[in-house]
Student: 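Please see the structure below; I have some questions.
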Amino acid sequence: MSEEAGQMMLVYDDPSDQRSISLDEASSSEESPDETRLSLETTNDAVPYIGQRFVTHDAAYEFYSEFAKRCGFSIRRHRTEGKDGVGKGLTRRYFVCHRAGNTPTKNSNDSKPQRNRKSSRCGCQAYMRISKSTEFGVPEWRVTGFANHHNHELLEPNQVRFLPAYRTISESDKNRILMFAKTGISVQQMMRLLELEKCIEPGYLPFTEKDVRNLLQSFRKVDPEDESIDLLKMCRNIRDKDPNFKFEFTLDSSGRLENIAWSYASSIQSYEIFGDAVVFDTTHRLTAFDMPVGIWVGMNNYGMPCFFGCVLLREENLRSFSWALKAFLGFMNGKAPQTILTDQNMCLKEAIGMEMPTTKHALCIWLTVAKFPSWFNAVLGERYNDWKAEFYRLYNLETIEDFELGWRDMVNSFGLHTNRHIASLYALRHLWALPYLRSHFFAGLTTPGQSKSINAFIQRFLSAQTRLAQFVEQVAVAVDFKDQAGEQQTMQQNIQNISLKTGAPMESHAASVLTPFAFSKLQEQLVMAAHYASYQMEDCFLVRHHTKLEGGRKVYWVPREGIISCSCHQFEFSGILCRHALRVLSTGNCFQIPERYLPLRWRRSMPLNRHLHAPRNDHTERMQLLQSMVSSLVTESAKSKERLDLATEHVSVLLSRIREQPVSSLSMRELSSTHRTLA
């Protein structure tokens, strides 16, 4: 090894590079002390050469960086001191390939988690050396060493842009990202918007989603440990004000926050009535912290989403999901839902089997369908839309036998025998296909319309700039907003003039008991029932469309006990009687729907859960009296157009006068809590 090469190794800052480059005369071009000569490789100014001059070392770095980018690698800086010793200023610099050196051995520290990340360093010896000199009193930097021999493959132009050195976010892009973050959109949506603004193809931005997440994290400049402490303080403060607010959390071995789950008093009360069918959506993340977020939601008697609880997890594994489900059951006094819908996640599936063994687990069809374009577009080409239509037809079939036969025909017709996604869908068919789920109650949560309303609700509080300590409050605000919007929609549904279409006594009876949302579903079945014929068999009724000569549904009816059931299982699936059962009831001179087939969860009036209520006072009693009067007003006004017009006119005047009155010092949140307690 030459004296110069040995000297260079001693002055490298990074100890990992001490074994990386020998830089002897055989592997590099060196400047002789007497003359400046050109590189033997080329005389093109786009390639570094011995004797090349730069005003500053930064200019030299930029030049070499551009050269490296064209060749398919990136570089990094290495500082050296001059030959005259330390302390006399910087006189020499080395720029090396990003793969120079070998991975340094790190001292393990049990108290800190280690990142098991593979190094890209492989001992590459490509480099450029510059030295400082002064001529006529003007300092400059000259190239005094250069080697472009790599021991690894160089990247193509469409690959080299993904190297960290070339992934940069301009100031204008940073400002746009910050603006997008304040609107609460996801990082994926930010990337797509920037691509559209710049008119470039997807994936060709000079930065990645990970870079954007890191940028959002740097905007905040808050210690995650301090954030966790603030979050726990916030939860304790809320519980001090509202004893019915529930939260649970876990700490890791270092005492840092690992998982946290919470639920509000109004959510626990809603779950008592509407917790029979639940969606546990774990497909979102708290962007600023890159933490998975789990949201428990259901559907109320007016067909609107209702919030049950939320959880933040550090990891998406069996242990975390199991803890989250246990915490949720603890909030809900151990009451598990009848059914739960989730995304396809094997750890979550296993956790549900462990913690909710009596709950029927199913997959959210809309989350599965969202993956179809990436799974089948390229495979099926022009036939993709035809296949998707056939899939939906199979999904909505009533019997398992029809599904199995149809699925086999579909696979044969579209040549999908070896497709792994088709094989996976078929293996999990009992978790998503309606023929396998119709005997379980899902409250309409399997419909695409519900997925849109649930996502819209969740996006209200998933802001990329949310601090942990503020997140619980943001969710509370979103829940309050949803409750208030729901109350307005409920009132609008109740005061609308319900139109009876069949004139049947069963229809008017159902209209007086069910919410307008639930009644509209039952009314659809009543209208269709008129097109069906019923035939009494030995032990049941056979009901089929009047144009059909074969097939039909079997309806079993026990008039004395008021029990009726149909082989289509619609009541078990939705809580709404099917057209087949309604046809049999009509044929049997039944003028009212049996009470058991007007489920409590679909009725206008809801029982109160007393143990969650605050102590009664004069304000609470007067609110309850007012609500009772309003309920009676709505019921009586809906009986005729004249009554409705009169009520609307006078209530409008009364509401205007009320709004003119000053608001008391009682906080809006306390008023909202009181109102929800009485609802």
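We number each residue from 1, following the sequence as shown.
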Student: Using the rule given for side chain to side chain contact (heavy atoms under 4.5 Å, CB included), can you reason through Val279 versus Met299, listing the C-alpha separation, both sets of side-chain angles and the distance that settles it, and then say yes or no?
Tutor: CA-CA 9 Å; Val279 172; Met299 182 194 285; over 6 Å; no
Student: Which label fits Phe376 and Trp387: parallel for a plane angle under 30°, tilted from 30 to 60°, or perpendicular past 60°?
Tutor: tilted
Student: Indicate the ring-plane relationship of Phe247 and Phe249, choosing parallel, tilted or perpendicular according to the 30° and 60° boundaries.
Tutor: parallel
Student: Can a side-chain donor-acceptor contact be found between Gln188 and Glu209 if the only test is distance below 3.5 angstrom?
Tutor: no
Student: Could you name each residue pair satisfying side-chain hydrogen bond (donor to acceptor under 3.5 Å, both in side chains) that touches residues 583-594, not counting sequence neighbours?
Tutor: Ser534-Thr587
Student: For the pair Glu595 and Arg603, find out whether any cationic side-chain nitrogen is under 4.0 Å from an anionic carboxylate oxygen.
Tutor: yes
Student: Taking the basic N atoms (NZ, or NE/NH1/NH2) and the acidic carboxylate oxygens, is any pair closer than 4.0 Å for Glu248 and Lys326?
Tutor: no
Student: Can you classify the ring geometry of Phe328 versus Tyr271 as parallel (below 30°), tilted (30 to 60°) or perpendicular (above 60°)?
Tutor: perpendicular
Student: Heavy atoms only: give me the nearest Val278-Trp296 pair and the separation to one decimal.
Tutor: CG1-CD1, 3.8 Å
Student: Tell me yes or no: between the side chains of Ser322 and Glu355, is some donor less than 3.5 Å from an acceptor?
Tutor: yes
Student: Using the six-membered ring wherever Trp is involved, compare the ring planes of Trp557 and Phe541 and label them parallel, tilted or perpendicular (cut-offs 30° and 60°).
Tutor: tilted
Student: Under the side chain to side chain donor-acceptor pair (under 3.5 Å) test against Glu398, which residue among Arg553, Arg438, His569 passes?
Tutor: Arg553
Student: So, taking the atom named NE2 in His361 and the one named OG1 in Thr339, what distance separates them when rounded to the nearest 0.5 Å?
Tutor: 10.5 Å
Student: For residues 403-428, pull every pair meeting side-chain hydrogen bond (donor to acceptor under 3.5 Å, both in side chains), keeping only residues two or more places apart or in separate chains.
Tutor: Glu404-Tyr426, Glu404-Arg429, Glu404-Tyr436, Asn412-His417
Student: Can you check whether Tyr532 and His580 have ring centres sitting under 6.0 Å from each other?
Tutor: yes
Student: Identify the heavy atoms of Leu329 and Lys335 that sit nearest to each other, and give their distance.
Tutor: CD2-O, 3.7 Å
